[in-house]
Amino acid sequence: MLALISEGTLPDIVLTRRNATLRYHAGQVSLPGGRAETGDATLIETALREAHEEVGVDLGGVEVVGTMPTSHIAVSSADVTTVVASWDGTGPLGVVDPAEVASVRRVAMADLADPANRARARHPSGFTGPAFLIPDLFIWGFTAQLLDRLLAWGGWSQPWNRNRTVEIPQDYLGGLHG
């Protein structure tokens, strides 16, 4: 996965909404990225390649800052390493692979940090975790956990009401595979 954050006074991050027909995490919000392929020399190369293939980011303007610790996502049985990178934010982005990506959004880090946009999401299974309530976008699960860490790491985090709990909208549940 690639956490691609624009530079400047109003930094934002690139997010995707996954295609509703995918087997895992259908309809959910994620960072661009996917599984390593045989030709990928490193996980950084994988994240950059996948971001280019999914949203068309021009890799010439991307500067890798580092990687976050690898996390395991049990529902898809995947170990995920998130690569953090910056870019000037001026290049065009869009859906390159509609089989995987339904839409691409750039969301301001300030909007993610805004306490009014923060809550805890409750999954029907009983799982609760951080969530972001952005207009026309509900971010929960692994992506919300990563964004919560990125906000703290980047110094954008603000205190928010951790007792505020919301249900996950049906079209963000990801079908049977969550």
Side-chain angles (χ1 to χ4, degrees), residues 1-19 22 24-37 39-71 73 76 78-114 117-118 129-158 172 174:
M1 300 188 113
L2 184 66
L4 185 59
I5 303 170
S6 68
E7 301 166 343
T9 56
L10 297 172
D12 62 32
I13 190 165
V14 176
L15 300 173
T16 66
R17 178 112 190 249
R18 294 173 55 82
N19 187 303
L22 292 172
Y24 295 107
H25 313 293
Q28 294 179 9
V29 176
S30 69
L31 300 172
R35 296 188 186 270
E37 293 181 0
D40 296 339
T42 66
L43 294 175
I44 291 172
E45 189 175 308
T46 298
L48 294 172
R49 175 188 52 75
E50 285 281 338
H52 177 72
E53 290 175 358
E54 290 183 3
V55 302
V57 65
D58 176 5
L59 299 180
V62 174
E63 182 176 330
V64 173
V65 176
T67 59
M68 297 178 74
T70 299
S71 300
I73 302 177
S76 53
D79 290 325
V80 177
T81 299
T82 302
V83 175
V84 180
S86 66
W87 69 312
D88 66 9
T90 60
L93 299 175
V95 175
V96 175
D97 185 354
E100 289 190 38
V101 177
S103 64
V104 179
R105 289 275 300 270
R106 292 177 63 178
V107 177
M109 299 306 284
D111 290 341
L112 292 171
D114 184 341
N117 296 333
R118 303 290 311 265
F132 297 86
L133 292 67
I134 304 298
D136 301 317
L137 210 58
F138 187 89
I139 307 164
W140 71 281
F142 182 69
T143 301
Q145 291 172 12
L146 284 175
L147 292 174
D148 188 55
R149 286 185 221 144
L150 281 171
L151 288 173
W153 173 78
W156 296 291
S157 190
Q158 299 178 36
Y172 286 89

Work out which heavy atom in [X] is nearest to a heavy atom in [Y]; give both atom names and the distance.
X	Y	result
Gln28	Tyr172	CG-O, 3.1 Å
Pro98	Asn19	O-ND2, 2.7 Å
Trp156	Ala113	O-CB, 3.1 Å

- [ ] Sorted by first residue and then second, give each salt bridge (Lys or Arg N to Asp or Glu O under 4.0 Å) pair with at least one member in residues 40-68; sequence neighbours left out.
- [x] Glu37-Arg49, Asp40-Arg49, Arg49-Glu53
Open item on the list: Show me the pairs that pass salt bridge (Lys or Arg N to Asp or Glu O under 4.0 Å) and involve residues 130-157, at least two apart or across chains.
Closed with: Arg118-Asp148
I'd like to check [X] versus [Y] (side-chain heavy atoms, cut-off strictly below 4.5 Å). Are they in contact?
X	Y	answer
Leu48	Val64	yes
Arg105	Ile134	yes
Leu151	Leu112	yes

- [ ] Supply the atom-to-atom distance Glu7 CD to Ser86 OG, rounded to the nearest 0.5 angstrom.
- [x] 4.0 Å
Task: CD1-CZ distance between Ile139 and Arg17, expressed to the nearest 0.5 angstrom - done: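 Ile139 atom CD1 to Arg17 atom CZ measures 10.5 Å (nearest 0.5 Å).
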TODO: For Trp153 and Met68, indicate whether the former's side chain and the latter's backbone hold a donor-acceptor pair under 3.5 Å.
DONE: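 The answer is no, because no donor-acceptor pair under 3.5 Å joins these two groups.
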TODO: Scan Leu137, Asn117, Val14 and name whichever one has a side-chain contact (heavy atoms from CB on, under 4.5 Å) with Val107.
DONE: Leu137
Using the side-chain contact (heavy atoms from CB on, under 4.5 Å) criterion, which residues pair with [X]? Sequence neighbours excluded.
X	value
Thr90	Asp88
Ser6	Pro11, Asp12, Trp87, Arg106
Ala3	Ile13, Leu31, Thr82, Val84, Leu150
Thr67	Ile44, Thr81, Val83

